[in-house]
Amino acid sequence: MPKKLTGIEVYKLLPKTNCGDCNFPTCMAFAMQVAAKKAALEQCPHVSEEAQAALGEAQAPPMRTVQLGSGDTALTIGGETVLFRHEEKFHHPPGVAIRISDSLSDEEIAQRLEEVRNLRFERVGDELQVDLVAVHCDSGDGDRYAQVVSKVKDGADLPLVLQCPDPARLSGALKAAGQRPLLWAADRENWEQMAELSLKHEAPLAVRGDSLEALVDLTGKLKEKGLQDMIIDAGDGQFVERLTRLVKVRRLALQKEFRPLGYPAIAFTTGGSPLEEAAEAIAYVCKYAGVVVMENTAPEAVLSVLTARQNVYTDPQKPNAIEAKLYEVGEVGPESPVLLTTNFALTYFTVAGEVENSRVGAYIVVADTEGLGVLNAYADDKLTAERIVKTVKEQGALDKVNHNKLVIPGLAAMLRMEIQEESGWEVVIGPEDAARIPHFLRNEWRPA
Amino acid sequence: MAMTIPEAKRNWTGKINSVTIGAGSEDGGTRTSVITVGGATSLPFYHFEGEFPHRPVVAMEVWDVPAEEWPEVVQEPFADVMGDPGAWAQKCVEEHGADLIALRLQGCDPSGADRSPEEAAKAARAVLEAVGVPLVVWGCGNVDKDNDVFPAVAEALSGENCLLGTITEDNYKTLTALGTAYGHKLIAESPVDINIAKQVNILALDAGYPMENLVMYPSTGALGYGIEYVYSIMERSRIAALQGDKAMALPILCDLGVQVWKAKEARASADELPGWGDVAARGPMWEAATAYTYLVAGADVLVMRHPQAVRATRKAIERLMGEGGQS
Ligand code: SF4
């Protein structure tokens with residue numbers, strides 16, 4: 001491995017103009033990130049060729065970041081720096097693709113595209129959706145393939161994976177595929193022609209082989225041809241074989257800084273029923289795919305995979321906070337209870353879920369506790385009687401109802417008298433355990 | 001020039017404890033099958049560098065009273081057996097392939113049916129006699145009541161090497177004493193906190209109950225509801241264990257049903273969530289998907305409810321334990 005440079009050494013090679021085009025405020029800030037392998041040297045558009053050469057390989061992040069597609073729907077994958085999310089965080093959520101075969105009829109294709117377009121879900125404030133469509137050349141007919149690629153590009157408006165290892169047919173489809181589709185894939189036989197197509201169309205290229213050795217051999221040869229944006233294929237083996245390859249590639253790239261495997265990976269599932277396929281897709285999302293290609297469009301299967309991705313790619317360093325404001329859960333009216341909780345996301349979603357289960361509509365006042373749960377917030381003075389009264393007033397919760405009862409968390413029972421004195425409201429102590437909320441709302445809480 | 005690929009394997013020094021649940025006649029019990037979990041020497045399913053002598057297992061949840069608060073989708077498969085814990089357990093084993101039965105003594109909850117310790121013990125015996133697989137027994141979650149109920153239950157199941165739970169940082173003395181006296185394994189619970197997880201194990205040891213007889217339960221969140229916190233605690237404790245921390249080297253249990261079936265994704269109808277799929281498929285999917293996520297993080301025992309989710313999870317386990325992990 002080439003020797004590593006320090007931040008200062010990198011800095012000396014930069015233009016030192018602090019122009020900010022790298023998206024860092026100063027050359028020094030950028031240099032530190034480059035030295036820490038969290039940014040790539042190419043992000044500075046002004047770096048000289050000599051500096052490039054001097055820094056070269058040694059400063060490239062251990063895993064390349066690759067963009068698929070362009071514009072609003074572009075997807076960035078790779079650039080990962082850790083094996084476990086608790087070590088730092090995972091950076092780029094893997095793309096989830098749905099596969100469409102060109103041997104389907106036009107009607108079937110139209111229907112599948114419709115399904116893909118409908119795979120959009122809003123969960124806890126995030127839009128979850130499919131990111132790519134993989135068009136598989138099953139027909140063996142180049143014209144048909146080009147036609148289907150064009151249909152899919154128009155119908156889905158998403159970046160494509162062109163699953164067509166035949167360079168001639170692939171070439172015919174490229175005109176209609178939009179910018180930067182992923183070409184799948186270069187192998188021992190076709191790699192030179194695939195490399196040409198990849199360079200000519202500036203399209204990232206997947207690399208396929210039956211062993212790690214074969215992959216390393218290919219990425220090496222392709223790199224010599226000038227390719228940079230490559231994606232490692234997880235192989236055509238069984239579920240656990242693909243998982244194994246994904247783990248090995250990630251470890252070698254990050255822990256051994258083994259450049260020939262320092263690329264994001266793509267994994268195709270074996271398919272099967274929605275329940276079977278979700279098992280594979282979720283495992284690949286957790287460990288360590290950059291793109292996961294699925295067959296099923298059953299909404300519950302895709303939703304569960306997208307949710308697993310949303311969860312696993314949550315930044316563990318960031319306190320998981322939601323916006324402090326007044327939320328309405330279920331059907332609310334003037335008789336509805338008003339509950340107070342913290343803005344620790346997990347607390348809020350647990351409380352909101354239990355309120356939903358109770359079938360009693362409620363207002364939930366979310367106080368800004370800087371992402372801390374009830375007990376921690378109380379201990380840190382982030383949940384005080386004063387703050388609670390101020391929050392409830394600001395959010396106007398009790399103006400919406402015809403009573404003046406405020407339900408506080410059971411764990412904050414000690415604040416009851418103080419809130420009551422400060423506000424004149426009737427303060428009711430709610431359950432300590434959220435699981436008791438439905439019982440509480442149905443049987444214990446009563447409007448005035 | 002062929003490039004040499006560095007070694008991808010890591011050398012771990014630790015190993016997860018193997019814990020056996022259930023006792024056959026040669027060990028003074030009546031179980032026709034026993035279950036051993038744990039024993040792993042690497043991260044889950046990294047067959048290329050470790051040994052996995054025991055696959056993860058699925059326990060199916062049975063209540064001593066009808067589980068009326070379960071959503072329709074997951075009550076329906078058991079409609080004919082609810083209220084008869086023995087028949088319910090039998091159905092889980094014979095029709096749905098449960099590796100273990102997890103009896104939850106929900107009926108003892110003082111704010112519910114408030115059943116007596118004797119009634120609880122009776123329900124436990126009924127399940128024991130109805131099936132040959134090992135048992136997990138949960139209290140109702142009310143600490144005082146559980147401490148009243150478990151003496152009778154532990155005695156009624158004496159010598160059967162059940163898995164009883166839970167002990168916590170604040171409440172471990174009753175169960176550790178009962179576990180020792182009547183020969184049961186215990187579940188050590190912690191509130192999504194790795195330090196407390198370790199602490200409970202140490203407290204049990206100080207109370208004279210060996211860690212080797214414990215299974216760790218770091219709390220369980222449903223997919224979409226904080227699963228990532230538990231996921232990372234499981235990964236961290238597994239890594240610590242494999243690096244030699246004996247107080248973390250416990251098999252891990254995930255109690256899925258309770259959390260999953262509260263999630264709106266598992267219970268809301270297609271009218272309430274248009275475009276999210278029919279709840280008859282979405283409910284089991286949510287439970288299975290939660291199980292899949294925990295399997296990757298290191299779950300050894302999954303406590304689940306829906307037959308379809310159980311079947312799919314068992315299939316996934318089979319595939320993950322299967323051939324071909326060397327490539
Ligand atoms: S783009 Fe280059 S020159 Fe401009 S601030 Fe960044 S490092 Fe400095």
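Each chain gets a letter, A, B and so on, in the order the sequences are listed, and its residues count up from 1. All heavy atoms count here, side chains included; hydrogens, waters and symmetry mates do not.
Every ring pair (Phe, Tyr, Trp, His ring centres under 6.0 Å) that B/Trp138 has, sequence neighbours left out, goes to B/Tyr217. Residues that satisfy the ring pair (Phe, Tyr, Trp, His ring centres under 6.0 Å) test with B/Tyr294, not counting sequence neighbours, are absent from this structure.
In this structure, chain B has heavy atoms under 4.5 Å from both the backbone and the side chain of A/Glu276. For a residue to count as touching a neighbouring chain, one of its non-hydrogen atoms must lie under 4.5 Å from one of that chain's; by this rule A/Ser211 does not touch chain B. For B/Glu272, the part lying near chain A is the side chain, with the backbone staying farther off; criterion is any non-hydrogen pair under 4.5 Å. For chain A, the nearby parts of B/Tyr225 are the backbone and the side chain; heavy atoms of each come within less than 4.5 Å. For B/Pro71, no part lies near chain A; criterion is any non-hydrogen pair under 4.5 Å. For chain B, the nearby part of A/Leu252 is the side chain; its heavy atoms alone come within less than 4.5 Å. Interface residue B/Ala288: only side-chain heavy atoms are found under 4.5 Å from chain A. Looking at A/Arg250, neither its backbone nor its side chain comes within 4.5 Å of chain B, counting heavy atoms on both sides. Heavy atoms of A/Leu303 lying under 4.5 Å from chain B belong to its backbone as well as its side chain. Proximity to chain B is absent for every atom of A/Pro438, based on heavy atoms less than 4.5 angstrom apart. Contacts between B/Leu295 and chain A at a heavy-atom distance below 4.5 Å are absent for every atom of the residue. For A/Ala298, no part lies under 4.5 angstrom from a heavy atom of chain B. Only the side chain of B/Ile239 comes within contact range of chain A, judged by heavy atoms closer than 4.5 Å. Interface residue B/Ala312: only side-chain heavy atoms are found under 4.5 Å from chain A. Contacts of B/Trp286 with chain A are made by side-chain atoms alone, with heavy-atom separations under 4.5 Å and no backbone atom involved.
No cation-pi contact links B/Lys9 to B/Phe48, judged by a cut-off of 6.0 Å to the six-membered ring centre and 45° from its axis.
Per-residue heavy-atom pair counts under 4.5 Å with chain B were compared for A/Val312, A/Leu243, A/Val249, A/Thr314, and the maximum is reached by A/Thr314. Chosen from A/Gly235, A/Pro260, A/Ala278, A/Ala281, the residue pairing most often with chain B at heavy-atom distances under 4.5 Å is A/Ala278. Of the residues considered (B/Ile5, B/Ile227, B/Leu43, B/Val296), B/Ile5 shows the highest number of contacts with chain A, using heavy-atom pairs under 4.5 Å. Among A/Arg251, A/Glu300, A/Glu87, the residue making the largest number of heavy-atom pairs under 4.5 Å with chain B is A/Arg251. Each of B/Ala291, B/Gly275, B/Ala281, B/Gly224 has some count of heavy-atom pairs under 4.5 Å with chain A, and the biggest count is that of B/Gly224. Ranking B/Pro6, B/Ala309, B/Ala316 against chain A, the residue ahead of the rest is B/Pro6, based on heavy-atom pairs under 4.5 Å. Of the listed residues (B/Glu7, B/Arg236, B/Met285), the one with the most heavy-atom contacts under 4.5 Å to chain A is B/Met285.
The distance from the CD atom of A/Gln255 to the CZ atom of B/Arg10 is 5.5 Å, given to the nearest 0.5 Å. The distance from atom CG of A/Leu83 to atom CD of B/Glu235, rounded to the nearest 0.5 Å, is 9.5 Å. Annotation: the span from A/Met63 atom CE to A/Glu80 atom CD amounts to 6.0 Å, rounded to 0.5 Å. Atom CD of A/Glu224 is separated from atom NZ of A/Lys221 by 9.5 Å, given to the nearest 0.5 angstrom. Of the inter-residue distances, the one linking A/Leu261 atom CG with A/Ile232 atom CD1 reads 5.0 Å to the nearest 0.5 angstrom.
Using a 30° and 60° split on the angle between ring planes, B/Phe45 and B/Phe52 fall in the parallel class, below 30°.
Two rings, from A/Tyr348 and A/Tyr327, have their centers less than 6.0 Å apart.
Within the 4.5 Å cutoff, the side chain of A/Pro299 has no heavy atoms near those of the A/Asn118 side chain. With contacts defined as side-chain heavy-atom distances shorter than 4.5 Å, the pair A/Met230/A/Leu222 qualifies.
Taking 4.5 Å as the heavy-atom cut-off, the residues of residues 258-268 of chain B that approach chain A are B/Lys262, B/Lys264, B/Glu265, B/Arg267, ordered by number.
Residue pairs meeting the salt bridge (charged side-chain N to carboxylate O under 4.0 Å, His left out) criterion with at least one partner in residues 288-297 of chain B, sequence neighbours excluded, are absent.
Within 6.0 Å of atom CD in A/Glu331, 12 or fewer heavy atoms from other residues, nucleotides or ligands are found, so the atom counts as exposed in its surroundings. Shown here is A/Arg359, whose CZ atom has no more than 12 heavy atoms of other residues, nucleotides or ligands within 6.0 Å.
Nearest heavy atom pair, residue A/Gln317 against residue A/Glu88, reads NE2-O, 2.6 Å.
In summary, of the residues considered (A/Thr270, A/Asp233, A/Asp236), a side chain to side chain donor-acceptor pair (under 3.5 Å) with A/Arg242 occurs for A/Thr270 alone.
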